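Being a predicted model, the structure only gives us computed values, none of them experimental. As a basis for the values below, the full set of heavy atoms in this structure was taken, side chains included, without hydrogen atoms, waters or symmetry mates. So you know, we letter chains A, B, ... as the sequences are listed, proteins then strands, and number each from 1.
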Amino acid sequence: MSIRIYNSLSNSKEPFETIEPGKVGMYLCGPTVYKPSHIGHAVGPVIFDAIKRYLTIFHGYKVNWVVNITDVEDKLIAEADAQGIGVFELAQRVEKNYHDALAALAVDGVDHFPKASENITQIIEMIETLISTDYAYVVGGDVYFNVSKDDDYGKLSNRNPDDQTGQRELASGPKKHPGDFALWKQAREDEPDAVKYDSPWGKGRPGWHIECSAMSKRLLGDSFDIHGGGLDLIFPHHENEIAQSESCTQKPFAKFWMHHGLTRFNTKKVSKSDPEMQAALQAMTLSTLLEEYSGELLRFFILSTQYRSPIEYSPAELAGKKKGLTSFHRLFKRVNDLGAGDVYDAPSAANADTFKLDPQALGDEAQQLAASIADARDRFQAAMDDDFNTAAALAVLFELTNSVNRFIEVMSLESSDDAAGKSFALKAAQALASLGQSLGVFLSAPAAASGGDALVGQLVDALLEVRSACRAEKCFELADKVRDQLSTLGVVVEDKPTGATWSIEKQSDDLQGNLIEAHIQTRLACKAAKNFALSDMIRDRLAGIGVALEDRAGGTTWELANG
RNA sequence: GGCUGCGUGCCCAAGUGGACUAAGGGGGCGGAUUGCAAAUCCGUUAUUCGUCGGUUCGAAUCCGACCGCAGCCUCCA
């Protein structure tokens, strides 16, 4: 029952033990807010959010999670200049964009979002300590970290700074060693005043790495449990964080280093600074993706791969995942339609009783389902305990989908009033949902399902009543035409024992107007078939929901009775 | 060149020495159901895990070589 985590520091899986019993301090490197975030930036937050939920729900940990916002940095200054706006104006705008995306992805577990600009004092203090202990030195208005002084520098990335001469035998400039990196950068004349901070070494601003050391120290202490980020940050960023922090405090910095795989597009890393990626990047921006896909789908997509593996992003791949996710939504809707209760309102997976179903006298099928559910929790936990294998955990959920569907099928629950059976199906589905919820999916029913518009719903219902009448009269041609029309509008119809149900699979423009038009077309077809009872029914039904039809010489027009 | 990793069916993806004669998803194919669909259910779709050797009673899993791919060594989640 113990958690094992792959630690980049040792390149092996280690048993997870926290520094303080029952508590986890967790730090994730966040974005530099100079350009909108893309899909790759969502990976860390989604994984860590799922981890926090899991650790909290399944292991009872109290998790304190910090994600930094880098708002003082070269690129940001350059981008603000290019756009002709203030540095912090740009930073705030991009940061809002980032937070909106996280909200859509259901990443709500972050406890602190510290900003570099708000921690200058702590940064300066840390640099002063490093200077006083000779781990750093001042050259003009710059301060550099002295890698030669740090014995175990390179332990995370397995690099020896003295062997790194190879490619960049560049002039080390004012530095003592080419591997030395900036802790503090002297202000340049052309830089905006907003990023010129006072320091003992004159006006300037912090280097990139030091902010994470200073902010994690302030919010999580000298030593904490988990530090995460993308694989591309191992060197130099994380290596340098370790160097700064451990040299400053003389204590171990992060206990576990977790690095997630990078998102790729056409087998190449998605990068904001890669010129070849620029065109494609537009489409991979989180705000763009969220216009077309739900946050839940993007989250599901990210969780369907073990976090250390790279994820290949493509619209086709996302479409495939969407089908998988939809199969859960269908099941939940199917169970909710049984009327025994709301699946989404599931008890917590933390409660073992959620998985103890009593099959009573419901027979073999219920026995089997009860066994599957009980087993699922263990398998789910085993997968998650093994380095947070969300891909394997989701596989367990897929299997349960099948078990519950089969139960509903075999017990014919949709066409019976078997209250005990329905309640059993509900509990099984809730157990399934609770596992997903502990990863941050299945939190609520997909928003688009009902169209979000009462009139649209009434129009579809009315159309389906007409179709039902057609089917009763064995007038299948007309019935199919209705279904086809709806399908074109993105409304998918499914016939069930209890009648037809529908859902909006694809949003389309002016759905309302098109639905009324579909009524008119259907009515025209009825009239052509001399089925006047049906055509009148359509007109009356529409009138009932406030849509008045008028037959004119040039065709039929419609208007809404009251706004 | 140095340092990390990776290579599993048509596609995605778990599994890292023995319940693997390899999860799960997408797709394909057959059947049940349906007026027909859709959805759902049942069945089926890798004797094989980049290639070649080795270790072992036993390897997708360990070792070696080779081939291919990615990341880092400069900013990057």
Side-chain angles (χ1 to χ4, degrees), chain A residues 8 11 13 28-32 34-35 37-47 67 70 73-75 78 154 156-161 163-168 170 179 208 228-237 239 259-264 267-274 277 300-301 304-306 308-312 314 316-327 330-331 333-334 379 383 386 389-399 401-402 405-410 414 471 474-477 479-480 483-484 487 492-497 500-503 505:
Chain A
S8 305
N11 288 326
K13 282 183 193 170
L28 176 72
C29 285
T32 297
Y34 76 105
K35 275 187 185 174
S37 301
H38 60 251
I39 177 81
H41 294 113
V43 175
V46 164
I47 294 293
V67 177
T70 301
E73 206 263 342
D74 293 16
K75 293 219 153 138
L156 178 67
S157 58
N158 293 303
R159 268 164 235 255
N160 179 341
D163 293 344
Q164 292 300 116
T165 45
Q167 297 273 327
R168 55 169 182 145
L170 317 157
W208 172 37
L231 271 167
D232 54 348
L233 294 185
I234 292 178
F235 189 89
H237 189 233
E239 194 66 76
H259 289 104
H260 65 255
L262 305 177
T263 306
R264 299 197 300 210
T267 72
K268 232 184 141 210
K269 173 184 164 187
V270 176
S271 164
K272 284 192 283 198
S273 46
D274 181 347
M277 220 18 107
F300 187 80
F301 171 67
S304 61
T305 302
Q306 210 277 346
R308 280 187 288 124
S309 304
I311 305 178
E312 180 73 26
S314 77
E317 204 48 52
L318 211 45
K321 296 299 177 200
K322 185 176 181 176
K323 293 212 172 182
L325 177 60
T326 303
S327 67
R330 288 183 174 293
L331 171 66
K333 181 174 187 296
R334 193 179 188 190
R379 293 205 291 145
D386 182 12
N389 193 338
T390 51
L394 288 178
V396 175
L397 303 196
F398 271 111
E399 288 178 52
T401 296
N402 177 263
N405 267 320
R406 187 174 57 219
F407 182 73
I408 294 172
E409 199 91 350
V410 171
E414 285 167 315
R471 295 179 72 209
K474 305 261 188 232
C475 184
F476 296 122
E477 203 178 312
D480 288 351
R483 189 174 60 199
D484 291 347
S487 169
V492 175
V493 176
E494 290 177 39
D495 290 323
K496 296 199 178 186
T501 68
W502 58 275
S503 57
E505 300 281 304

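Separating the CG atom in Leu394(A) from the NZ atom in Lys321(A) is a distance of 9.0 Å, to the nearest 0.5 Å. In this structure, the separation between CZ on Phe398(A) and CG on Leu325(A) is 7.5 Å, given to the nearest 0.5 Å.
The side chain of Lys269(A) contributes an N or O atom lying less than 4.0 Å from OP1 or OP2 of C72(B). Contact annotation: Arg406(A) does not reach the phosphate of U40(B) (side-chain N/O to OP1 or OP2, under 4.0 Å). Residue Asn405(A) places at least one side-chain N or O under 4.0 Å from the OP1 or OP2 atom of C41(B). Residue Asn160(A) has no polar side-chain atom (N or O) positioned under 4.0 Å from OP1 or OP2 of G2(B). Note on Asn402(A): a side-chain N or O is less than 4.0 Å away from OP1 or OP2 of C42(B). For Lys323(A) and G27(B), the shortest distance from a side-chain N or O to OP1 or OP2 is below 4.0 Å. Phosphate contact (OP1/OP2 of A77(B), side-chain N/O of Lys272(A), threshold under 4.0 Å): present. The side chain of Thr401(A) contributes no N or O atom lying less than 4.0 Å from OP1 or OP2 of G25(B). At G5(B), one or more side-chain N or O atoms of Asn11(A) fall inside 4.0 Å of OP1 or OP2 (strictly under the cut-off).
Across all strands shown, Ser271(A) has heavy atoms under 4.0 Å from base atoms, whether or not it also approaches the sugar-phosphate. At the heavy-atom level, Gln306(A) lies under 4.0 Å from the strands shown only through sugar-phosphate atoms. Residue contacts shown for Ser273(A) include a base, since a base heavy atom lies under 4.0 Å away. Counting any heavy atom pair closer than 4.0 Å across all strands shown, Gly228(A) reaches no nucleic acid atom. Counting non-hydrogen atoms under 4.0 angstrom, Arg471(A) reaches a base of the nucleic acid. Counting non-hydrogen atoms under 4.0 angstrom, Phe398(A) reaches the backbone sugars and phosphates but no base. Within 4.0 Å of Asp274(A), counting heavy atoms only, lies no atom of the nucleic acid at all. At the heavy-atom level, Asp480(A) lies under 4.0 Å from base atoms of the strands shown. Across all strands, Leu262(A) comes closer than 4.0 Å to base atoms (heavy-atom distances). As judged by a 4.0 angstrom heavy-atom cut-off over every strand, Glu399(A) is placed among residues touching the sugar-phosphate backbone only. Within 4.0 Å of Val493(A), counting heavy atoms only, lies at least one base atom of the nucleic acid. Using a 4.0 Å heavy-atom cutoff across all strands shown, Arg334(A) reaches sugar-phosphate atoms only and no base atom. No contact: His259(A) has no heavy atom under 4.0 Å from any strand. Using a 4.0 Å heavy-atom distance criterion, Glu317(A) is classed as a sugar-phosphate-only contact.
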Subject >> Chi angles and distances behind the side-chain hydrogen bond (donor to acceptor under 3.5 Å, both in side chains) call for Thr32(A), Glu73(A) >> reply: CA-CA 8 Å; Thr32(A) 297; Glu73(A) 206 263 342; 4.7 Å; no

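Arg330(A) is not listed as a side-chain neighbour of Asn405(A), based on a closest heavy-atom distance of 4.5 Å or more.
Open room surrounds NZ on Lys322(A); 12 or fewer heavy atoms of other groups in view lie less than 6.0 Å from it. Atom NZ of Lys323(A) has 12 or fewer heavy atoms from other residues, nucleotides or ligands within 6.0 Å.
Rounded to whole Å, the separation between the P atoms of G50(B) and A13(B) comes to 15 Å. Using atom C1' as the reference point in both C67(B) and G31(B), the two lie 44 Å apart (nearest Å).
Taking atom NZ on Lys496(A) and atom P on A39(B), their separation rounds to 12 Å, with Å as the unit. U16(B) atom P lies 11 Å from atom CZ of Arg308(A), rounded to whole Å. Put simply, CZ on Phe235(A) is 13 Å from P on C72(B), counting in whole angstrom units.
Scanning both residues, Leu233(A) and Cys29(A), for their nearest heavy atoms gives CD1-CB, 3.7 Å. Across all non-hydrogen atoms, the minimal contact from Ile311(A) to Val43(A) is CD1-CG2, 4.3 Å.
Annotated as syn: A19(B), whose glycosidic dihedral is within 90° of 0.
Residues satisfying the salt bridge (Lys or Arg N to Asp or Glu O under 4.0 Å) criterion with Arg334(A), sequence neighbours excluded, are Glu409(A), Glu414(A). For Asp484(A), there are no salt bridge (Lys or Arg N to Asp or Glu O under 4.0 Å) partners at least two apart in sequence or on another chain.
Asp495(A) contributes a side-chain N or O that forms a donor-acceptor pair with the base of C36(B) under 3.5 Å. No hydrogens or angles were tested; on distance alone, nothing pairs the side chain of Asn158(A) with the base of G2(B) as donor and acceptor under 3.5 Å. For Arg483(A) against A37(B), a side-chain N or O and a base N or O form a donor-acceptor pair under 3.5 Å.
Summary of the strand contacts: Arg379(A) and Val410(A) both lie near RNA chain B, and taking for each the nucleotide with the nearest heavy atom, the more 5' one is attributed to Arg379(A). Nearest-nucleotide positions on RNA chain B for Lys268(A) and Asn389(A) put Asn389(A) closer to the 5' end.
Every stem involving RNA chain B, taken as at least 3 paired positions in a row under the Watson-Crick or G-U wobble test at 3.5 Å, is listed here: B:1-7 with B:67-73, B:10-12 with B:24-26, B:27-32 with B:40-45, B:50-54 with B:62-66.
The side chain of Glu494(A) sits closest to A38(B) out of C75(B), A38(B), A77(B).
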